[in-house]
Amino acid sequence: MIEYIRGELTEVTPALAVVEAAGVGYALNISLNTFTAIQDKKDVKLYVYEAIMTGGRDDSFTLYGFSTKQERELYMMLISVSGVGANTARMILSSFTPAELCNVIATGNEKFLKSVKGIGLRTAQRIIVDLRDKIANSDLAQQLPEGVQTVQAPDVNKEVRDEAIGALTMLGFSPAPTAKVVTEILKQQPDLPVEQVVKLALKQIK
């Protein structure tokens, strides 16, 4: 089992980091939180989760990298929930900081979880039911800032948001970081048309 990889960050996008260690380049899928933490660094240390799929037509081996053990622990908790796959878990962790996600689950804020693309009411409720006690009984709860407030779902034009995300996804950008960038743009400039949102997002997620 690989616990972590430490080395030179040779390539990085909002969805993927390539770390060279001992002459080997490791490609790791990352969340937007991890991207933000490492994007300006030359040398990095990423905690690893190995996803090994066997028994199908094609076996696969995928590495996921996290800037903190806290984020990796949350990822492993999320994929333990029925109906939450690897990409969905990464999208959730790209939409919230670890502290925000712990708070959302601890307070049962299903409305905010539903704001993540691909998460419906039933899945949001399942995440809360399955993970609330686990988080409360883990070290994660102790890492939350004191007095943290319940986060409210962002109030943005959903139609424009979804169209912009769809357009950017068709251009090849990962949905998770795209959704966060588009939401932030619309929170600051709520009256922008789709084409302007896409143009601004392209400058921020390249």
Counting C-beta onward and ignoring hydrogens, is there a side-chain heavy-atom pair between [X] and [Y] closer than 4.5 Å?
X      : Y      : answer
Pro98  : Gln70  : yes
Ile185 : Gln204 : yes
Val12  : Val18  : no
Val104 : Ile128 : no
Leu63  : Tyr26  : yes
Ile105 : Met77  : no
Leu200 : Leu192 : yes
Leu28  : Leu16  : no

Could I get the full list of side-chain contact (heavy atoms from CB on, under 4.5 Å) partners for [X], not counting sequence neighbours?
X      : value
Ala167 : Val198
Asp130 : Val81, Arg126
Gln188 : Glu184
Ile119 : Thr88, Ile92, Val116, Thr123, Ala124

Apply side chain to side chain donor-acceptor pair (under 3.5 Å) to Lys134 and list each qualifying residue two or more places apart in sequence or on a separate chain.
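By the side chain to side chain donor-acceptor pair (under 3.5 Å) rule, Lys134 matches no residue at all.
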Rounded to the nearest 0.5 Å, how far apart are [atom1] of [X] and [atom2] of [Y]?
X      : Y      : atom1 : atom2 : result
Asn157 : Glu163 : CG    : CD    : 8.5 Å
Lys69  : Met76  : NZ    : CE    : 12.0 Å
Thr68  : Asn33  : OG1   : CG    : 8.0 Å
Phe35  : Ser94  : CZ    : OG    : 10.5 Å
Ser31  : Lys180 : OG    : NZ    : 8.5 Å
Glu71  : Thr97  : CD    : OG1   : 9.5 Å

Which heavy atom of [X] sits nearest to which heavy atom of [Y], and what is that distance?
X      : Y      : answer
Leu74  : Cys102 : CD2-SG, 4.0 Å
Ser67  : Thr34  : N-OG1, 3.2 Å
Ile5   : Ala21  : CG2-CB, 4.2 Å
Gly85  : Ile79  : O-CG2, 4.0 Å
Ile30  : Gly65  : CG2-O, 3.6 Å
Leu168 : Ala201 : CD1-CB, 3.6 Å

Which is it for Leu101 and Leu113 under the side chain to side chain contact (heavy atoms under 4.5 Å, CB included) test, yes or no, and what are the steps along the way?
CA-CA 9 Å; Leu101 181 57; Leu113 268 180; 4.2 Å; yes
Under the ring pair (Phe, Tyr, Trp, His ring centres under 6.0 Å) rule, collect the residues that match up with Tyr75, sequence neighbours excluded.
Tyr49, Tyr64, Phe66
If you link I, L, V, M, F, W and Y whenever their side-chain heavy atoms are under 4.5 Å apart, who else ends up in the same group as Leu121?
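The other cluster members (ILVMFWY side chains, heavy atoms under 4.5 Å, direct or chained): none.
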Counting heavy atoms not belonging to Glu50, are there more than 12 under 6.0 Å from its CD?
yes
Without placing hydrogens or testing angles, list every side-chain donor-acceptor pair under 3.5 Å for residues 36-47, not counting sequence neighbours.
{"from": "Thr36", "atom 1": "OG1", "to": "Leu32", "atom 2": "O", "distance (Å)": "2.9"}

Going by the side-chain hydrogen bond (donor to acceptor under 3.5 Å, both in side chains) test, which pairs reach into residues 3-17, not counting sequence neighbours?
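Qualifying pairs: Glu3-Arg72.
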Results of salt bridge (Lys or Arg N to Asp or Glu O under 4.0 Å) for Asp162 - residues two or more places apart only:
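Counting only residues at least two positions away or on another chain, Asp162 forms a salt bridge (Lys or Arg N to Asp or Glu O under 4.0 Å) with Lys158.
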